[in-house]
Amino acid sequence: MSYKSLETSKTYLVTGAAGFIGYFLSRRLLELGCRVVGIDNLNDYYDLGLKRARLDLLQPFEQFTFIQSDISDKDKLMDVFECHKPHIVVNLAAQAGVRYSIDNPDIYIQSNIIGFFNILEACRHHPVEHLVYASSSSVYGSNRKVPFEETDFVDHPVSLYASTKKSNELMAHTYSHLYDIPTTGLRFFTVYGPMGRPDMAYFGFADRYFNDEPIKIFNNGDFENDLYRDFTYIDDIVEGIERILGNPPLDTVRHKVYNIGNNRPEKLMTFIETIENALGAAVGRTVRFEKIFEPLKPGDVPATYASTDRLQQAVGFKPKTPIEVGLQKFADWYVTYYNKM
Ligand SMILES: NC(=O)c1ccc[n+]([C@@H]2O[C@H](COP(=O)([O-])OP(=O)(O)OC[C@H]3O[C@@H](n4cnc5c(N)ncnc54)[C@H](O)[C@@H]3O)[C@@H](O)[C@H]2O)c1
């Protein structure tokens, strides 16, 4: 394994920089001394105040430039590439969320397909040293073989969101093949942490607890045969991306896809109890959620988790943060940020 550290003298273009992963990645790159150009359209899919709070933490870095723009605006995107000449691009801007895609399909086509196509076109006309983009564990659809491996069959996405992410992998492969663009796709598995996404279950559980509302758990209340899920702490994700950045694929077609998850799946109930304990420690009293157990949702599979062997072989990295540590950091941030003491 020959792993190269990223070069801090380069310019990194991060799309979705006001988003959860984009913010933490941008901050890390800035702390290392890199120049970062961040793009985000600051949409209101979730609390805009949180996106602005993340940006407020990036603005003090002299090496940071923020551009409020939509990646589906091709002319504007081309201008950004022309003006800032990024060496390395990380495309994290996307409409995320599986459930939201059922009622709001248009935005997924706009941001994830047209927007990503524009990123590829921009990298074609303004060659870059490496394009890294966000794919998703949702490409595995209802596969039952675990752990999920990059070589598994993923041609049966079960949501439009998953279709757009799988399409991104195909489009990236084609552009890499035709125009020799070194490109890496990262299949993220549920990422959590402080300043995370309010639309995600762990965040919603905390909201519901402090609103005196019960939480719904879709596991039939069957703890013996509980669901197993993969949760990855944000710092691990950032370290994984950081390691990948300086190591574009060297294969003939310079496109590679990696799982970036935690191949230590957790029982759903263990994860929920850990959030209760973490919130309890943060507020200094016992926290127990009121729980309503519901049947499994159609298409839910007993276990989803990543094999991270390919990522480990490529850049020597495997996520390592235990949920007790990661969820405590989330809980501490949550109670302070929302003043829940
Ligand atoms: N967080 C996870 O668990 C997870 C899991 C799988 C995949 N992903 C993918 O990782 C990427 C980052 O996810 P995240 O959790 O940080 O999500 P996020 O929603 O917090 O961040 C995405 C950011 O992109 C911006 N954005 C959306 N559409 C845009 C557009 N058309 N032009 C410019 N900006 C736009 C949003 O305003 C947001 O700030 C996404 O592509 C997502 O699909 C995340």
Side-chain angles (χ1 to χ4, degrees), residues 13-27 37-55 58 66-74 76-77 80 89-101 104 106-119 122 132-140 148 157 159-169 172 185-203 229-234 236-238 240-241 257-262 304 306 319 326 330:
L13 177 71
V14 179
T15 74
F20 174 39
I21 302 174
Y23 156 68
F24 277 99
L25 176 68
S26 299
R27 198 180 80 181
V37 178
I39 295 183
D40 202 296
N41 67 358
L42 297 179
N43 68 52
D44 62 359
Y45 166 60
Y46 63 75
D47 178 22
L48 197 46
L50 188 51
K51 295 185 183 181
R52 292 199 192 283
R54 297 185 188 121
L55 276 183
L58 296 177
F66 179 66
I67 299 160
Q68 183 170 350
S69 184
D70 196 303
I71 59 168
S72 67
D73 181 339
K74 192 172 183 182
K76 187 92 184 275
L77 190 67
V80 171
V89 175
V90 187
N91 185 56
L92 298 169
Q95 181 55 52
V98 170
R99 291 198 188 139
Y100 192 71
S101 69
N104 304 277
D106 302 63
I107 189 65
Y108 288 78
I109 300 301
Q110 184 78 12
S111 292
N112 303 9
I113 300 291
I114 298 173
F116 187 64
F117 165 71
N118 292 341
I119 293 282
V132 175
Y133 67 93
S135 183
S136 163
S137 61
S138 64
V139 301
Y140 290 104
F148 294 157
S159 67
L160 185 67
Y161 170 68
S163 295
T164 64
K165 291 295 182 180
K166 173 63 189 164
S167 305
N168 287 175
E169 294 181 0
L186 297 174
R187 291 177 179 167
F188 296 114
F189 285 66
T190 307
V191 187
Y192 73 95
M195 299 199 109
R197 269 179 32 209
D199 62 321
M200 297 188 80
Y202 71 96
F203 205 119
R229 292 291 181 263
D230 210 344
F231 302 95
T232 329
Y233 187 61
I234 183 67
D236 289 335
I237 289 290
V238 169
I241 302 174
V257 169
Y258 295 98
N259 287 339
I260 178 162
N262 208 332
T304 69
F330 162 72

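Counting starts at 1 for both ligands and their atoms, following the listed order. These numbers come from a predicted model, not from an experiment. Values below: every heavy atom of this structure, side chains too, minus hydrogens, waters and symmetry copies.
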Can you tell me if [X] has a non-hydrogen atom under 4.0 Å from ligand 1?
X	result
R187	no
S135	yes
Y161	yes
L92	yes
G115	no

Would you check if there is a donor-acceptor pair between the side chains of [Y] and [X] at a distance under 3.5 Å?
X	Y	value
N259	Y140	yes
N91	T15	yes
Y161	R99	no

Check each atom of ligand 1 against the heavy atoms of [X] and keep those under 4.0 Å away; list them by number with element.
X	value
T190	3 (O)
A134	9 (C), 10 (O), 11 (C), 41 (O)
M200	3 (O)
D70	30 (C), 31 (N), 32 (N), 33 (C)
A94	24 (O), 27 (C), 28 (N), 40 (C), 41 (O)
V191	1 (N), 2 (C), 3 (O)
I71	30 (C), 31 (N), 32 (N), 33 (C)
S69	32 (N), 33 (C)

Taking the side chain as everything from C-beta on, heavy atoms only, tell me whether L42 gets closer than 4.5 Å to F66.
yes
Are any of the N/O atoms in K51 less than 3.5 Å from those in ligand 1?
yes
Looking at ligand 1, does any of its N/O atoms fall within less than 3.5 Å of an N/O of S137?
no
Would you please name every residue forming a salt bridge (Lys or Arg N to Asp or Glu O under 4.0 Å) with K74, sequence neighbours left out?
E121
Is ligand 1 under 4.0 Å from a heavy atom in the side chain of [X], in the backbone, in both, or in neither?
X	answer
Y192	neither
Y45	neither
Q110	neither
I21	both

For the backbone of Y46 and the side chain of D44, can you confirm whether one donor and one acceptor N or O come within less than 3.5 Å of each other?
no
Classify the ring geometry between F148 and F189 as parallel (under 30°), tilted (30 to 60°) or perpendicular (over 60°).
tilted
Classify the ring geometry between F330 and Y202 as parallel (under 30°), tilted (30 to 60°) or perpendicular (over 60°).
perpendicular
